[in-house]
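Throughout, protein chains are lettered first and strands after them, A, B, ... in sequence-line order, and every chain is numbered starting at 1.
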Protein chains: 2
Amino acid sequence: MSTASAQETSNLKGKYHHGDLRQALIAASYDLVNAHGADAFSLADACRLANVSTAAPYRHFKDRDEILAEVTARGFEAMTAKAVEAVEAAGEGTLDGITAMGLAYIDFATAEEGVFRLMFGGAPALEDSEIVMEMGTNCFGYLIQQITAYCSAHGLEQDADAVAVKMWTFVHGASALLMDQKYEKVTPGLDVKRMIAEAVPLLMTKPG
Amino acid sequence: MSTASAQETSNLKGKYHHGDLRQALIAASYDLVNAHGADAFSLADACRLANVSTAAPYRHFKDRDEILAEVTARGFEAMTAKAVEAVEAAGEGTLDGITAMGLAYIDFATAEEGVFRLMFGGAPALEDSEIVMEMGTNCFGYLIQQITAYCSAHGLEQDADAVAVKMWTFVHGASALLMDQKYEKVTPGLDVKRMIAEAVPLLMTKPG
DNA sequence: AACATATGTTAGACGCGCTAACATTGCAAG
DNA sequence: CTTGCAATGTTAGCGCGTCTAACATATGTT
C-alpha cells in the first residue's frame with residue numbers, strides 16, 4: 001500500500017480542482033500514520049502532502065477520525081490480502097498454511113506498525129465503522145475456515161472456533177510485543193518465527 | 001468544625017504553594033489517562049484537576065511525555081503488585097499460581113485500560129526511561145521464577161524462558177483483544193478465563 | 001450562456017503545549 | 001526579626017492543529 005504517488009495524482013497540470021482528493025488524502029494519511037504513528041498524525045501534514053489547504057479535507061470527511069477510519073479499513077484489507085496470499089502459498093487447510101497465516105499477521109504488524117496500531121488501538125470512534133468491523137470478521141473467518149478444513153481432513157474433533165481464538169490471541173500478542181520491542185529487553189535472542197511454529201501445534205491440541 | 005473549605009482534595013489547607021504538586025499531577029494524570037486514554041489526555045486537564053495554571057507543571061516536569069513516563073512507571077508497579085498478590089493467593093510455584101498470574105495481567109489490562117495501553121503503546125520517548133524498563137523486567141522475571149519453580153518441582157526439563165515468553169505472549173494478546181472488544185465481535189460467547197486456563201497447560205507442554 | 005453543484009481557498013475562533021517575564025512563598029543566614 | 005535567595009506559581013503570548021464560515025472557482029446540465 002505504499003503510495004508515493006499521493007503527489008503525482010495531484011499535480012496533473014496546474015489543476016485547481018484536485019483529481020481525486022479523497023483518495024489522495026487517504027493514501028497520504030496511510031503513509032503518514034505508518035511513518036510517525038496515529039498520535040503524531042496531523043491532518044495538516046496530509047494536506048501539505050496533497051498540496052491543498054487545511055480546510056479542503058472537510059469537503060470529503062466529517063472530521064479527522066473519519067479519515068483515520070478509512071485508513072483503518074485499508075489496513076484490514078491489506079492484512080487480509082497478505083494472509084490469504086500466505087496461506088495459498090503454503091497450502092490451504094494444512095498446518096503449514098495455518099502457521100504461515102500467523103506469520104503473515106506478524107509480518108504485517110511489524111511492516112505497517114503505525115496502521116496496525118491504529119487498527120487495534122481502541123479509538124472508540126473507529127470501532128463502530130461498519131466497514132472496519134466487516135473487514136475484521138472477514139479476516140478471522142478465513143482463519144476459522146483453514147482450521148476447520150485441517151481438522152476435518154485429519155479427523156480431529158476440536159472446536160475450530162476455540163482453536164482459532166487461541167491462535168489469534170497468541171499471534172496478536174506476539175505482534176504487539178514485537179512492535180514494542182519488549183522481547184528484546186527481556187529475552188534478547190528470541191527467534192519469534194520459531195516460537196510461533198512451536199506454539200501453533202500446541203494450541204491445536206485438545207485441552208484437558 | 002470544618003474550618004477548611006471544601007477544596008482540600010489536592011492539598012492541606014488553602015495553600016498558595018501547593019503541598020506536593022508533582023505527586024498531585026501524577027495522580028491526576030493517572031486517573032485521566034485511565035478515564036479517557038493517553039491520546040485524549042491533556043496536561044491542561046490535569047492542571048484543572050489540581051487547581052493550578054497550565055504553566056505550573058513545567059516547574060516539575062520537562063514536558064508532557066515526562067509526566068506520562070511517570071504514569072507508565074506507576075502502571076508497571078501496580079501491575080506487578082497485583083500479579084504477585086494473585087500468585088501468593090493461589091500458591092507459588094503451582095500451575096494454579098501461574099494461571100492466576102496470567103489472569104491478574106488481564107484483569108489489570110481491563111481495569112486500567114488507559115494506563116495499560118500507555119505502558120504498551122510504543123511511545124518511543126517513554127521506552128527509554130530507566131525506571132520503566134526496570135519495572136518491566138521485574139515483572140517478567142517473577143513469571144520466570146514461578147515457572148522455574150514449577151518445572152523443577154515436577155521434574156520437567158522445559159526451558160523456563162521459552163515457556164514464559166509463550167505465556168506472556170498469549171496473555172498479552174488476550175488483554176489487547178479484550179480491551180478492543182474484538183472477541184465480542186467475532187466469537188460472542190467466549191469465556192476468556194476458561195480460555196486462559198486451557199491454554200496455560202498447553203503452552204507448558206514441550207513442543208515437538 | 002447560465003445556473004446549480006461540487007470542490008477549493010482565506011480568515012479566524014478555540015484549545016493545547018510550551019516559554020518568558022513577573023509575583024509570591026518559604027527557608028536560611030546575618 | 002529582617003533580608004535575600006531559591007523554589008514554586010501566575011499571566012501573556014507564540015506556534016500549531018482542528019474545524020467552521022464566507023467567499024471563489026471549476027464542472028456539467030439544461
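- An OP1 or OP2 oxygen of dG8(C) is reached within less than 4.0 angstrom by a side-chain nitrogen or oxygen of His60(A).
- Not counting sequence neighbours, the partners of Arg22(B) by the side chain to side chain donor-acceptor pair (under 3.5 Å) test are Glu70(B).
- If you take CG of Leu25(A) and P of dT7(C), they are 12 Å apart, rounded to a whole angstrom.
- One can place CG of Asp20(A) at 15 Å from P of dA6(C), the figure rounded to the nearest angstrom.
- We find that CZ of Arg22(B) is positioned 15 Å from C1' of dA7(D), with the value rounded to whole Å.
- Atom CG of Leu21(A) and atom P of dA26(D) are 16 Å apart (whole Å).
- Axis angle, first five pairs versus last five pairs of the helix from dA1(C)-dT30(D) to dG30(C)-dC1(D): 10°, rounded to 10°.
- dT20(D) atom P lies 15 Å from atom CZ of Phe61(A), rounded to whole Å.
- Atom NZ of Lys193(B) has 12 or fewer neighbouring heavy atoms from other residues, nucleotides or ligands inside a 6.0 Å radius.
- Rounded to an integer number of Å, the gap from CZ of Arg59(B) to C1' of dC18(C) is 12 Å.
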Enumerate, atom names and distances included, each donor-acceptor pair closer than 3.5 Å involving a side-chain atom of residues 55-64 of chain A, sequence neighbours excluded.
unit_1: Asp63(A); atom_1: OD1; unit_2: Asp65(A); atom_2: N; d: 3.3
unit_1: Asp63(A); atom_1: OD1; unit_2: Glu66(A); atom_2: N; d: 3.1
unit_1: Arg64(A); atom_1: NH1; unit_2: Phe41(A); atom_2: O; d: 2.5

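- Residues that satisfy the side chain to side chain donor-acceptor pair (under 3.5 Å) test with Tyr150(B), not counting sequence neighbours, are absent from this structure.
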> Could you run down nucleotides 12-19 of chain D 5' to 3' and tag each one B, S or - for protein heavy-atom contact under 4.0 Å?
Replying inline: -----SSB
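- When the side chain to side chain donor-acceptor pair (under 3.5 Å) test is applied to Gln23(B), the partners found at least two apart in sequence or on another chain are Arg74(B).
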Please tabulate, one pair per line, all N/O donor-acceptor pairs under 3.5 Å involving side-chain atoms of residues 77-89 of chain B, not counting sequence neighbours.
unit_1: Thr80(B); atom_1: OG1; unit_2: Phe76(B); atom_2: O; d: 2.8

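- By the side chain to side chain donor-acceptor pair (under 3.5 Å) test, Asn34(B) pairs with Glu112(B), sequence neighbours left out.
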Pairs under 3.5 angstrom only: tabulate donor-acceptor contacts from the side chains of residues 196-205 of chain B to other protein residues two or more places apart or in another chain.
unit_1: Glu198(B); atom_1: OE1; unit_2: Lys166(A); atom_2: NZ; d: 2.8
unit_1: Glu198(B); atom_1: OE2; unit_2: Arg194(B); atom_2: NE; d: 3.1
unit_1: Thr205(B); atom_1: OG1; unit_2: Leu202(B); atom_2: O; d: 2.7

